[in-house]
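Data block below; observations after.
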Amino acid sequence: MIRMNDFRAEPAALLAEQSRAFERVQRSGWYILGPEVAQFEKQWAERCQVPAAAGVANGLDAIELGLRALAIGPGDEVITTPMTAFATVLGIMRAGATPVLADIDPQTGLLSPLSVRHCISRRTRAVLLVHLYGHVHRMDQWLHFCQTEKLDLLEDCAQAHLSSWQGRSAGSFGRWGAYSFYPTKNLGALGDAGALVSTDAALIEHVKVLRNYGQSERYHHPFLGANSRLDELQAALLSVRLAWLEEFTSRRRSIARRYIQGIKNPLLSLLAAPDAEEEHCYHLFVVLTPQREALRLHLQKHEIESLSHYPVPIHRQQAVPDIMEDPEGLHAAERHAEQCLSIPCHPYLGDNEVDRIIETLNNFQGN
Ligand SMILES: *Cc1c(COP(=O)(O)O)cnc(C)c1O
């Protein structure tokens, strides 16, 4: 079986480095918010071309605490996409704000500026972009849009590690970028972890207070915070894995190029490829087909795993029956949810496996 992710194929040298990091933390006798966290935050901020980062417990908390640090909460609306992980919308709701869903552009799967315009009200405070699948797209238009509408631009970067537009990293465009280091993300911990990055160092300092019960100095609590601290162990492992990330990301990019060149089946279509200004990190590689279930079974029969991201758009989720949306509807998101299928794109795939996947896709004849 060719899997979507194959952790057992990780290089022995990487595993050995992780074991040394584990030993180092174990012997240090310091397990939460210490030098390993500070070191990882510094490196991750550099990698994202911003002055500061705050390590937190997961990507969901990064979004919630980022909103709270901007005082976006009850009575405020945040526009985002229905084609995302549930955590994007849950983070907005956990901050007490109201999510409003705009439709996507069917060519990219990303938020449609036209639909976002329909969603603006007197209460709108921010647009939370999701760099879905790792595609950071046309950031000039979003910077301009948010500036003229006087809205905060925010970035959910949970799928966009090392993605960039015109050489600028995901998370460096808006007020902040929220990262997840869930194990299956391009940079993943051996457990849960996340970070908020920002060009505004004071905002990051505020998040560092919020992540630790709202404590400014020991036993002094100017704010009602959360417990969203990052472990030393996860930070140490992330620093090890960060050193490999560039190489793994170029492998993902070359697999994606092979797919783009090789997939020729008229029953399948691909999302718009990144243009010359965009460095996609290919967290996921997605094909679209009206015969999605048949294609999934065909791949499965040939021992190739696939998954949909996402089969149920946010506005169809049981937990949010009354969620606000573009009055003209979310038709492109609904069609995408019916047609999208993610195929394996992890860095340990060999060219022979990629070619086998391409051949299997090209042999798909539908019903
Ligand atoms: C994974 C993910 C999150 C949530 O991150 P967690 O660390 O699982 O909380 C948020 N947004 C998107 C787009 C994601 O893919």
Side-chain angles (χ1 to χ4, degrees), residues 4-5 37 40 44 48 53-68 78-95 97 99 101-102 104 108-111 126-137 153-163 170-171 173-174 176-197 207 210-211 226-231 234-235 237-238 241 252 271 280-286 307-315 317 319-320 333 336-337 340 342 345-346:
M4 289 296 290
N5 287 294
V37 170
F40 174 70
W44 188 241
C48 296
V56 294
N58 53 63
L60 169 66
D61 284 3
I63 294 168
E64 178 191 336
L65 299 182
L67 288 166
R68 288 172 60 180
V78 178
I79 300 171
T80 194
T81 167
M83 189 42 59
T84 185
F86 195 70
T88 308
V89 163
L90 187 56
I92 296 170
M93 296 175 81
R94 289 273 304 265
L101 301 177
I104 60 168
T108 58
L110 305 172
L111 211 45
V127 176
L128 175 49
L129 290 184
V130 177
H131 303 305
L132 191 69
Y133 310 139
H135 195 178
V136 178
H137 183 60
L153 179 63
L154 310 173
E155 302 174 64
D156 180 336
C157 305
Q159 303 187 358
H161 311 79
L162 302 197
S163 292
F173 297 94
W176 48 249
Y179 280 91
S180 165
F181 307 115
Y182 184 79
T184 59
K185 309 292 184 179
N186 286 22
L187 178 60
L190 275 69
D192 275 310
L196 199 78
V197 303
V207 169
L210 292 176
R211 75 179 170 189
N227 177 350
S228 186
R229 297 176 298 231
L230 182 58
D231 298 348
Q234 296 303 345
L237 295 166
L238 283 166
R241 298 177 72 83
R252 286 177 187 266
L271 291 167
H280 197 308
C281 74
Y282 288 102
H283 173 58
L284 293 165
F285 191 95
V286 171
L307 280 175
S308 284
H309 300 90
Y310 295 88
V312 184
I314 301 294
H315 58 293
Q317 296 290 345
V320 289
H336 186 95
C340 63
S342 310
C345 190
H346 67 74

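These figures come from a predicted structure and were not determined experimentally. As the structure lists them, so they are numbered: ligands from 1, and atoms in each ligand from 1. Nothing fancy with the numbering, it's 1 onward along the sequence.
Under the 3.5 Å distance criterion, the side-chain polar atoms of N186 are left unmatched by any main-chain donor or acceptor of A160.
Enumerated by chain and number, the residues approaching ligand 1 to less than 4.0 Å through a heavy atom are N58, G59, L60, T84, A85, A87, T88, V130, D156, A158, Q159, S180, K185, Y310.
In terms of heavy-atom proximity, Q159 sits nearest to C281 at O-SG, 3.1 Å.
Contact annotation: the side chain of V127 approaches that of L111 to within less than 4.5 Å [non-hydrogen atoms, C-beta and beyond].
Distance check: F181 CZ to L237 CG gives 13.0 Å after rounding to the nearest 0.5 Å.
Annotation: Y179 is in aromatic contact with H161 [ring centroid separation under 6.0 Å].
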Audit row: Y282, H280, ring pair (Phe, Tyr, Trp, His ring centres under 6.0 Å) steps and yes/no: CA-CA 6 Å; Y282 288 102; H280 197 308; 3.8 Å; yes

